[in-house]
Protein chains: 4
Amino acid sequence: MIVVMKPGASEAELALLVEHIRASGLREHVSRGTERVLVGAIGDERVLDTALIGRLPGVERALRIVKPYRLVSRELVGVNSVVQVGAVPIGGEAWQLIVGPTSVATPGAAEAVAASLAPCGARLMHGGVYGPALFGGPYEAQGAGVAGLEHLLAAARARALPAIAELTDVRLLETFLEYGVDALLIGARNMQNFELLKEVGRVNKPVILKRALAATAAEWLMAAEYVAVGGNHRIVLCERGVRGFDDATPALFDAGAIAWLKCESHLPVIADPGRAVGRADLVAPVALAALAAGADGLMVDVGAEAHALDTASLQQLGAQMRALAPALGRTFA
Amino acid sequence: MIVVMKPGASEAELALLVEHIRASGLREHVSRGTERVLVGAIGDERVLDTALIGRLPGVERALRIVKPYRLVSRELVGVNSVVQVGAVPIGGEAWQLIVGPTSVATPGAAEAVAASLAPCGARLMHGGVYGPALFGGPYEAQGAGVAGLEHLLAAARARALPAIAELTDVRLLETFLEYGVDALLIGARNMQNFELLKEVGRVNKPVILKRALAATAAEWLMAAEYVAVGGNHRIVLCERGVRGFDDATPALFDAGAIAWLKCESHLPVIADPGRAVGRADLVAPVALAALAAGADGLMVDVGAEAHALDTASLQQLGAQMRALAPALGRTFA
Amino acid sequence: MIVVMKPGASEAELALLVEHIRASGLREHVSRGTERVLVGAIGDERVLDTALIGRLPGVERALRIVKPYRLVSRELVGVNSVVQVGAVPIGGEAWQLIVGPTSVATPGAAEAVAASLAPCGARLMHGGVYGPALFGGPYEAQGAGVAGLEHLLAAARARALPAIAELTDVRLLETFLEYGVDALLIGARNMQNFELLKEVGRVNKPVILKRALAATAAEWLMAAEYVAVGGNHRIVLCERGVRGFDDATPALFDAGAIAWLKCESHLPVIADPGRAVGRADLVAPVALAALAAGADGLMVDVGAEAHALDTASLQQLGAQMRALAPALGRTFA
Amino acid sequence: MIVVMKPGASEAELALLVEHIRASGLREHVSRGTERVLVGAIGDERVLDTALIGRLPGVERALRIVKPYRLVSRELVGVNSVVQVGAVPIGGEAWQLIVGPTSVATPGAAEAVAASLAPCGARLMHGGVYGPALFGGPYEAQGAGVAGLEHLLAAARARALPAIAELTDVRLLETFLEYGVDALLIGARNMQNFELLKEVGRVNKPVILKRALAATAAEWLMAAEYVAVGGNHRIVLCERGVRGFDDATPALFDAGAIAWLKCESHLPVIADPGRAVGRADLVAPVALAALAAGADGLMVDVGAEAHALDTASLQQLGAQMRALAPALGRTFA
């Protein structure tokens, strides 16, 4: 059972609820979000009376949730959640386009990418600073580290763009917070690094959670639940393709999962088609497919890599998004 | 090497080319389409001189093709092919919507479905008449057979709709031709039934070739090549999802494959999202995703099955297609 | 419900049972095997009384089967079935080794292979005569056809070896029977070619049914059920690997499926590891793994192809099987 | 290029080599193992002369390696490596059986398991102390933590068994070392947690590296390479099944990968069949299959979980291993 506390419920009211749960032989799980406190009752729920709990002081409502994922399920929140990254909302009517270099190498490179965002309608910047690209080995560049973070943030702030960077190591979380990264990206490799998820669940910072290569959509929601139970409800899911048997493309982009998630969860869903298709000329059609399936935005790389767009293709993608948005009841740029 | 003969090239000119190929130590493969004759030279192509062969009488052009699939490759034909099913073109600017019942049981049922096509913009009718639904066992209904074929054709002809039916048995090909089915559907189960493909390659009838559950896109094109080498170039590919590891949906709809095929082949590509997603409420978003990825049309089931649309949802899908088409440079209904 | 008739039950007794089933509002499915008649009652089984039916004249026993596959399930037959191919039993204590060339090209080639069987302990010969190897395109050799069949049978009969050939086309079944092929092989590509399965279900000839590349073990048993319901209960399953995401090997050999099948079905299970691993040096370890997992025999190719063994490796495999058999409670050669 | 230094080569000799590599415009990667120092030259290797480098003082040999994984490849070390865990060797002629509870809850439970090892021939104990079982959500028990570690180590030491525990968090590495865990287990979820791999690469402690659910065998070797480049060459690979499409078993046990690894790498390979098959009655046949495919040992859970063996089945597995070993040229217990 999940109990939603009223905004402004007191600690005493919360304590009363917890006492009631414990007295019934269950354990409580308190998730303190910035907007509301959610309390899960864990154990044999049948002994609890939903109506009775709903009438306790400070309680807004109590509901039983059948799915193993609770806080992120659409059963709990029946409308689309909107996650603010800086001043930019993800998950509302407006589509968002997140653009950045695969790897931030120099201040000049970061600045050049940053300059390409406004013309195409992008309002959020990302950049790879730690760790190799997916599947990279130990002999490949492992990212520019703190220096890369500084380049990314300098370039983004110069243009008032919120900046997103991938967190690959739990020991770097403090650094990311000190530098003021606007959203934490959890990559496919770390989607089931539960210790990392627990830590980002304890901070008040948006999290973009990519799908692991072989995660079912339900397992992906369970990973999001790890973040949410810590109190951080500002989660955006990002489909990036799953492992398939066909080497025509490096990963199989799962448009059906996007449609499924919009029915099963209230979280915003975005898509990163580049690494799935692995070829710049396939990025735009699959990006548009993701939006048509219900995605709330896109994440694309610009640069010279096989999977990345050049600036001209990026502008064209922005134009296609603008043309497509009204037909799907959305807005863009 | 593939040699494209001029329209109207004589048998003597063809014989001269074949003689040249054989004299070089290779074998020829003559594919006599309704519009043109294509000749493949099989063996060590390096001994052949493309320029020399291009100047033989009756030859339009000769070109080397690197891919194992040749006649269906975009290297051979650099523009989108259009396949006529009755008077309806698949593969041009206009999207097509193919609608039908999963299984044709009675004349009334077929008639009811047929009546639902015009309002939603559909111009082609399909209907299951032989064989169980995919994965069906021997204890399930195996289709209405010839009676079903009669119901389907009667309903379709009453409204001047071309009719499409699935051919599951090579021994039924004559029957399908006698009844005047307008296009042959080859289902996922039979995509690698090469003896069946060879036979449909010998007739002048459009073929809609669904992807096998675990076929790579390249293997799918090789299956199409089996049809094309027989002389039947009127092939439409139909993506219906591939086997994946996630039971959130019965199959994984491969939007990336659609984008890839539009780059690698000249054949029209359509999509049947219903069996992939398995839930009526997910059909429309994934159908629109397929179109955004580049598909030339859709195939949907109407009826009471979990994966099928009801009439109201069908009309809504037609309306969404109409709204979306101009934004993607297409037309619909 | 499945009703097992007594050996020698009369047609009148069968008719009485059928009448009882129909009177209860269900349909019957009569499967006339060479040893026993099995009757399935199809519909809402709850109206039938197992005990009552078990007492009808000519009935040996009646039992409810929960699984969708019935005749092939271990619920129906609680012991390992043994299938005779010629005089050679598959599925008993003795392991069998089936050896042959990937493709029978000449009488000499067939004879050379046939000579290699006895020294390694193999008692059954196979040979590819129709159709390309799996994944072969239309430009590759499509098999030697009837001539190949003649070479195979001549070589096998000269040494009193039962001969097994792959049936790829329903129209060739008569030819196979006339030539006296001792067992029909259904390849991976045709595992869901239900029209072919129905036909081989009607003849009294052992069938070796390979698993389709993306078939679940349950779907594979359902394909076997298609054969069994026709009355042909002489079915051997052959694991040959499934489609996976790792190109280290062409297919992923599913040792767990062998163990699972030995629990879920009474049919014999053999394994063809060569096409799964694609490399001659990996054939023996995976072959032994299959036997350790519970397989009743092996099918291997000899020849020069990448996946085929040379004669020396074949003798070594036979020696390893002899060494391994007692440790696993089996015998070999 | 990989340069193997002589045992006892001096720092000056190493410095000379490094200088030579840098002077050629490449970077060096020095991996200081307990037994030997390995130096990788990274960059365009063609400018280096293998013969020349092989004659530098302190150099044993220099060789070019084609594969992306180098230190773990069989090209570098042509014989099977043996990894000592405490006094127990993994990778030699003797098979090892590693036994433990899925989760260590109490001292009594750990002690009971420890007592079951000697009778079945097991000489290594493992136990889950941190993190949920694979796929477990945040509401499930997350392990007993340090207390569990203490129970595990107390039970193991009382019987002189080396103890193995899973490391799920880089911040716990110091704790594991202080407690004297004898080998670190890296679970499937963390196989691509490269920051964790780098840290365990820096310590002198055996590492058992499980395969990620969707890792190719080559990616798995690259993960091992991350450990090896840090200087820790004591790596054991553990196959535990990969994600497949068939829900007959939770994962698809990849026997072919074991055979492949024994050809491509010198590292020991063991297998954990329990989580792949998910059913206690399938554990033994698949465990024996792994050994027949070439595995050097097994890891099994004992307990009441669906995938775990009870004590009687464990003894039986040990007996089967004893019977099987001589037939495969191995020894056990």
Side-chain angles (χ1 to χ4, degrees), chain A residues 2 27 29 31 40-43 67-72 130-132 134-143 167-172 187-199 201 212-216 218-219 221-230 242-245 247 251, chain D residues 27 29 31 40-43 67-72 130-132 134-143 167-173 187-199 201 212-216 218-219 221-230 242-245 247 251:
Chain A
I2 295 289
R27 286 179 300 121
H29 199 295
S31 168
I42 299 160
K67 302 292 171 60
Y69 35 89
R70 301 174 173 196
L71 304 182
V72 303
Y130 284 96
L134 188 58
F135 308 132
Y139 303 115
E140 293 177 37
Q142 302 286 310
L167 180 67
T168 58
D169 187 337
V170 69
R171 297 168 300 181
L172 287 168
R189 273 197 301 271
N190 283 301
M191 193 207 84
Q192 290 190 315
N193 182 345
F194 295 149
E195 303 310 319
L196 182 63
L197 298 182
K198 287 176 192 169
E199 292 298 337
L213 264 182
T216 64
E219 287 166 354
L221 288 180
M222 282 307 277
E225 190 85 2
Y226 263 101
V227 177
V229 295
V242 294
R243 191 128 261 184
F245 56 80
D247 59 7
Chain D
R27 285 179 300 120
H29 199 294
S31 169
I42 299 160
K67 303 290 171 59
Y69 36 89
R70 300 173 173 198
L71 303 181
V72 303
Y130 283 97
L134 189 58
F135 309 131
Y139 303 115
E140 292 177 37
Q142 302 286 310
L167 179 67
T168 59
D169 187 338
V170 69
R171 296 167 300 182
L172 287 168
L173 180 54
R189 273 198 300 270
N190 282 302
M191 193 207 83
Q192 290 190 313
N193 182 346
F194 295 148
E195 304 310 319
L196 182 64
L197 298 182
K198 287 175 192 169
E199 292 298 338
L213 264 183
T216 65
E219 288 167 353
L221 288 182
M222 282 307 277
E225 189 86 2
Y226 264 102
V227 177
V229 296
V242 294
R243 191 128 260 186
F245 56 80
D247 60 5

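Lettering follows sequence order; numbering is per chain, from 1. Since we're looking at a predicted model, the values are computed, not measured.
- With a 4.5 Å cut-off on non-hydrogen atoms, D/Ala215 touches chain A through its backbone but not through its side chain.
- Side-chain contact between D/Arg70 and A/Tyr139 is present, with heavy atoms from C-beta onward closer than 4.5 Å.
- Listed here is the closest heavy atom pair of D/Glu195 and A/Thr168: CG-O, 3.5 Å.
- Contact detail for D/Arg243 and A/Ala214: the closest heavy-atom pair is NH1-O, 2.7 Å.
- The shortest heavy-atom contact between D/Met222 and A/Gly137 is CE-CA, 3.3 Å.
- Residues forming a side chain to side chain donor-acceptor pair (under 3.5 Å) with A/Tyr69 (at least two apart in sequence, or on another chain): A/Glu264.
- Put simply, of A/Thr216, A/Val170, A/Leu196, the one with the most heavy-atom pairs under 4.5 Å next to chain D is A/Val170.
- For D/Asn190, the part sitting under 4.5 Å from any heavy atom of chain A is the side chain, from C-beta outward, and nothing else.
- The two residues A/Gln192 and D/Arg189 have their closest heavy-atom pair at O-CD, 2.9 Å.
- Atom CD of A/Glu219 sits about 7.5 Å away from atom CG of D/Leu213, to the nearest 0.5 Å.
- The salt bridge (Lys or Arg N to Asp or Glu O under 4.0 Å) check on D/Arg27 picks up nothing, with sequence neighbours excluded.
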